Structure formats: C-alpha cells, structure tokens
Amino acid sequence: MLEKALKGSPKYYTWIGFLVLIILGASGIYIMQLMQGLTITGMSRDVSWGFYIAQFTYLVGVAASGVMIVLPYYFHHYKKFKDLVIFGEFMAIGAVVMCLGFIVVDIGQPQRMLNVVLYPTPNSILFWDMLVLNGYLILNVLVGWTCLECDRQHLPHPKWTKVLAYTSIIWAFSIHTVTAFLYQGLPGRHYWLTAILAARFLASAFCSGPAILLLVILLTEKVTTFKANVEGISTLAKIIAYAMCVNVFFFLLEVFTAFYSNIPGHMLPLVYLFKGVHGHHELVPFMWTAVALGLGSLALLIPPKLRDNMKLLPWSLAILVIATWIDKGLGLLIGGFNPNPFEEISPYWPTGKELIVSAMIYALGALVVTILFKIATEVKQETGASQKTEISSEA
Amino acid sequence: MNHTRRNFLKFAGLTAAGLCVASAGSVMAAATAATEKASEKALQAKRWAMVIDTKRVGTKETIDVLAKACHAAHNVPDIPGRQNVKWIWAAGFDEAFDQPNNFMDESLEKREFALLCNHCASPSCVRVCPTQATYQRPDGIVAMDYHRCIGCRYCMAACPYGSRSFNFMEPRLHLDLAKLNKEFPTRMRGVVEKCNFCVERLAKGKIPACVEVSQGALVFGDLSDPASEVRKVLREHYTIRRKPALGTEPSVYYII
Ligand code: SF4
Ligand code: SF4
C-alpha cells in the first residue's frame, strides 16, 4: 500500500516538501546540540527537564487518545466510528513516533540509549515507559496496517487483529498511566506527587487527543474525497466535551487539596503558576490564558447546539487544544520543578534552538501522519467507503 | 546485581590494568575499578556516614575550603550560571532544611550549611535510574558509572535535595587542564554527576577530601558500628538531617 503515498497532487507534494525542508533545516540545529550538548537549551540544574519532555508527555496523551474511537467501536460495537478507527490508530503511530523523537533529543548521551535494554531495570519507571510505548507502536502498526490491507482487498479482518485491538485498548490506558508514574512517584516534587496525576493525564489526553484527531480529520475531509460519518463526528465531540469536564474537575480537586490544607509545599507550585512568587511571574499570563480558553472551550462544547455547529467546532477544538497544551506542555513541567529543592524559583524558558529542534520532531510526526492518512483515504476512495458523493450513512 | 557488577568491574579493572599499565586511558577505568578492588589499605564500612558540625564550618568561607578541596580532587568544572556543576556547596538554613522558623536565633539565621549528596539509605535516584548507572554499593555509598549514564536526568528529578548536576556542556572547557587530578577521570558532556563520598580515596585508605581539610569539623565513619566516631558524635550532639519526612534516610547529619 505504501505506493499510495508516492502518487499525489501537487498540493500534497508541496506539503510533503515543506515538512521535509523543516526536518532537514532543523536537524542542523540538532546536530549542533549533539556537538555542544544540551547547553543550547534553556534547561538548568534546577529545571532539568524542559520543553522536550513536556512535549513527550503531551504527545503520549495524543497517542493514547485514539482509544476514544477504538474503544466504543470494539467494546460497544458503535459502528458510526467504523471509518474513524483507522485514523485513530494511524494518529497514534504518528504520536508515538514523536514521543520517541522527543526522548531521543532530550537525552544527553543518545548513542548509549540501548543501555536501557542492555541493563533492564524494572524498578525504573522509564524502563516500563520504554516498553509500553514501543509495544503500543507495534500494536497500532500491526492492527492498523492489516485491517486497512484487508479492507482494500475486501477481505474480512483476521481474528487476531481483534485480539490485538482489544489489547491495544487496555494498553492505551497503560501508556499514559506509566507516563504519569514517571512523575507522580518522585519524593519532594509536590506538584507531581499526587495520586490523581495519572487520572488527570488520562482525562486531559482523552479530550485533547481526540480534539487534535478530529481537527486533522476535518482537514482531511477538506483535502480529500473522504467524508466522515456526521453522527460519528458529533459523538466524538461529545466525548471530548465530557473528558474536558472531567479534566477541569480533576484540576479543581488539586486546587482544593492544596489550598484548604494550606500546606505550603502543595500550594507553592500553583501560586507560582497562577500568581507568581518571589517576584517571578513568567507563567502567569499563560496559565490564565489556559483557564480562559479551557472554560471557553467548555462553553462552546457543552451546549449541543454549539457543539454540533460544524462551523464553530474547529474553533472550539482548537482553543481546547491550546488550553490543555499550556496546562500539560508548559505548566506541568515548570511547575513541577519550581520551587526547586531549595525553595527558590528557577525560571525556565525554552530557547529558540530548543523550539527549532522541537519543530523538527513535530514535522517528522506530521510527515508520518500525512503519509498514513494519505494511504488510508486512498484505500477508502478505492473501496468507495465513506466518500463525499454518497449519502453519509454508511454503517 | 551488585555482586555481578562488582565482579564485572573487577574483571574490567584487571583487564584494563593488564592492557595499559599506566597509560592515561586507564585513569578512567582505574577510578571505578580501583574503588571496587578492595586493597588491604582500603577503608571499609557497612554504612558510611558523615556528621557536619555546622558551628565549626558555618560560613561561606569555611565551606568554600571544603568545596575547593573536593572540586580539585574530582575535577569538577567551574561553570557560571545555572547549568553549573557542584558536588558540595554552601546554603542558608531555609534552603537546606524544610523547617522554616520565622524567629530564629541570629547565629543560626546567618549560618551557612555545607550541602552534598546524602548517600541516602533509600535513594530515590537509584530507584529511578533506568540503566543502573546510579547504584548503591554494599557500604551504602550511592555511586555512579559515568560510562553507562545515558543522561536522561531522571535521577535529577528524583533527588529531593538538588544534589545532582548534569554536564550540559563539555566540562573540560571549564577546567584548568594543568591542574587536573590525574587520579580521577574528567567527565564527558551529557552525563550526570554528584558527590561520591570519595570512593576512590577510601579505596586507598584515605578519608574524603572535604573531611581531610575540615580540621575535625567533619566526621566520617561507619554508622553501623556503635563504637565508630560518627556514632560517638551523634550520641553527644543534637543533629538533624535534610527532609527526613521523605523517607530517603540521608546519611549526612548536621550538628546544629
Ligand atoms: S541525596 Fe539525592 S543524589 Fe544523593 S543519594 Fe540521596 S537521592 Fe540520591
Ligand atoms: S541521567 Fe544517568 S544516572 Fe541519572 S537516571 Fe539517567 S542514566 Fe541514570
């Protein structure tokens, strides 16, 4: 099927070329990082993980989110998601590729990466994270690819794909739980040391991930002949709305626990993020933007009238994505490291070079997603499934 | 695992020693291997610990003396800014201990405390390291293998004491190469490092560098031996440890 990625319109080629250009251009900066070390980033002795690991964390959520389509389809036989399943799986592949990319660029001695495998250390959560992420990647490649191939040949899906699909549903929860465990088991990092972190991660993943997926699907509809089931889209939007409510609720639980208990260690990270401490206000505007956009997205997604308005939906989703990204892609990491072990604030901001290297990984992910989605839509076109011309009620 | 690791290191050490008797290249291997090869002179303990008399080393100047000795012995680079590397340094009471007191006596308020890796009995840094590059030796010292560390910095997030430094850049650029201690390896960029309780000196029968220059203000010894000097000092003085509530069980005690 890979050949389908090679034939495309000039627009398709321009986009691919654009992504490749970003990857090549930005890899120059990455090589610079390899030669000079992570000193080119804004990280420090105190904030020893930064933008890279934050993106990794966010994208694990995106990878896990495909399950919001796959689960209703397989567990509840919700047929309206039939055309979307493959996109959920392919999106997960792209997201895991980016996750691995962000880990690689964050590591100080990437050529020694295999040490994690050579000296397996089960007491390290990073070891498990490596296992579950790679496992999830393999599961999605196997299931997605095989099912699509069968669709193309008008064959029924082999039984084992169903077993693997069920496995991948449980697995999706595990990847984000394990990623949360990376953080929530560390003594002395108050912002992370909370039992609800894994639940928060999942809630935020299950709104932001499907939101991104839905945006990409809407875009796919624009540029290809593919047409998703309208009812399916509106169900997915409903799921996103619920997940965002839970996400906000979980966050408010944190706020209550911190402030009602009045324990400084629990309050300080939140105070730093939302009000500033010791004269440091770096993140305050961002966090309040997240609050405003988060609440705004709820206001646009909860009322069915607004949610089902297809003109409005992309905007509602976009502001939801921005809000959750600030929360998890900026606040979580910086708030976790501040105050530092000496009760001081150590501001962090990614450098331009750090952002360029991140752009390289994002472009790589976009490339993978583009190619996979291209193949999927072509197959659907070939088999005449979910096309614009037909009345969209394909079951 | 410690056992196989020791054996491996012994083997590696012997091989290295056999291959290049005194070449510069063997310095690195020697530093790790020598510590594991128990020579007769080596100081040994079940659990090494340190007691710091903060009444005697309680100023920036006195702590600087310790830091100079340590950093010279271990080729710790002097890097300006927040990407710095430090093994032992001075900090005020509020930074060192999480028990703020808004009305503290003046002498304590002005006092500085020497901070270093606590060589915790339940070290969270060891727990998280995905490669066992950070490991706990049978004598309680939390040691590092700079050649195995992948630089993921998970241990830095896990250490609640800020004891660890990452080599964000090439450390040798910030070292006076003429004054290098040839007995101890320099590090490469991209790996984490921290105080090692002078394992390389203990192996040669010497006490840690900071203890040596402290004129008796720092006491080093075996916590498991009731007759040891550290236990004697601990019996006679009121001491505290950093963040005991976190359950890491630090092996560094402070006489207040
Ligand atoms: S002080 Fe930090 S680095 Fe040292 S042993 Fe304890 S947790 Fe590990
Ligand atoms: S940075 Fe090195 S020592 Fe620290 S956890 Fe990672 S591999 Fe282990």
Side-chain angles (χ1 to χ4, degrees), chain A residues 33-50 53 103 106-130 181-183 185-190 192-193 264-265 333 336-337 339-344 346-348, chain B residues 1 5 79 81-86 91-92 94-98 100 115 120 122 124-135 145-171 188-192 242-243 245-248:
Chain A
Q33 179 187 302
L34 282 178
M35 316 246 288
Q36 296 179 7
L38 284 160
T39 180
I40 66 155
T41 70
M43 287 184 269
S44 64
R45 208 176 174 281
D46 295 309
V47 183
S48 45
W49 281 338
I53 292 294
I103 291 280
D106 185 70
I107 273 177
Q109 287 287 338
Q111 74 279 15
R112 292 189 192 157
M113 279 251 288
L114 275 183
N115 280 0
V116 179
V117 186
L118 294 176
Y119 310 101
T121 313
N123 50 275
S124 172
I125 302 294
L126 207 59
F127 168 75
W128 292 105
D129 215 24
M130 179 229 22
F181 283 0
L182 280 181
Y183 296 97
L186 304 181
R189 305 280 175 195
H190 300 291
W192 301 337
L193 190 73
L333 257 271
F337 281 116
N340 67 11
F342 314 105
E343 304 301 329
E344 297 163 327
S346 184
Y348 160 82
Chain B
M1 145 263 151
R5 171 189 198 87
I79 298 169
R82 285 184 179 274
Q83 294 184 336
N84 56 338
V85 177
K86 53 187 179 187
D94 285 349
E95 293 164 56
F97 303 100
D98 59 349
L115 304 188
C120 307
S122 311
S124 41
C125 56
V126 172
R127 189 152 64 233
V128 302
C129 177
T131 61
Q132 296 154 38
T134 291
Y135 62 101
D145 181 344
Y146 306 121
H147 300 103
R148 190 184 282 190
C149 171
I150 58 171
C152 66
R153 308 188 298 293
Y154 197 7
C155 53
M156 294 178 81
C159 171
Y161 304 99
S163 304
R164 299 182 154 259
S165 309
F166 178 67
N167 285 289
F168 282 94
M169 62 201 86
E170 180 57 53
M188 60 195 54
R189 65 163 185 270
V191 300
V192 166
R242 294 177 67 198
K243 307 189 181 183
L246 298 180
T248 51

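Throughout, protein chains are lettered first and strands after them, A, B, ... in sequence-line order, and every chain is numbered starting at 1. For clarity, every value in this text was computed on a predicted model and none was experimentally measured.
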Is a side-chain donor or acceptor of [X] paired with a backbone partner of [Y] at a separation under 3.5 angstrom?
X	Y	result
Arg82(B)	Tyr348(A)	no
Arg148(B)	Asn115(A)	no
Arg127(B)	Asn123(A)	no
Glu170(B)	Gln36(A)	no
Tyr154(B)	Ile125(A)	no
Arg189(B)	Leu34(A)	yes
Arg45(A)	Gly162(B)	yes

Side chain, backbone, both or neither: which part of [X] has a heavy atom under 4.5 Å from chain A?
X	result
Ala157(B)	both
Arg242(B)	side chain
Asn84(B)	both
Ser124(B)	side chain
Cys129(B)	backbone
Val192(B)	neither

So do [Y] and [X] actually touch side chain to side chain, heavy atoms under 4.5 Å?
X	Y	answer
Leu38(A)	Arg153(B)	yes
Val191(B)	Gln109(A)	yes
Lys243(B)	Pro341(A)	yes

Identify which of Ile40(A), Leu114(A), Val47(A), Val116(A) forms the greatest number of heavy-atom pairs closer than 4.5 Å to chain B. Val116(A)
Most heavy-atom pairs under 4.5 Å with chain B, out of Gly37(A), Gly188(A), Ser124(A), belong to Ser124(A)
Only one of Leu182(A), Thr121(A), Leu186(A), Leu126(A) passes side chain to side chain contact (heavy atoms under 4.5 Å, CB included) with Val128(B), and that residue is Leu186(A)
Max heavy-atom pair count under 4.5 Å with chain A, selected residue of Pro160(B), Pro130(B), Gly151(B), Pro100(B): Pro130(B)
Picking from Ala96(B), Cys149(B), Ala91(B), which has the most non-hydrogen pairs under 4.5 angstrom with chain A? Cys149(B)
Check Tyr119(A) against Gln132(B) and note the closest heavy-atom contact, atom names and distance. O-NE2, 3.6 Å
Got more than 12 heavy atoms from elsewhere within 6.0 Å of CH2, Trp192(A)? yes
Is it the backbone or the side chain of [X] that comes under 4.5 Å from a heavy atom of chain B, or both, or neither?
X	value
Pro120(A)	backbone
Gln111(A)	neither
Met130(A)	neither

How long is the straight-line distance from CZ of Arg112(A) back to SG of Cys152(B), given to the nearest 0.5 Å? 12.0 Å
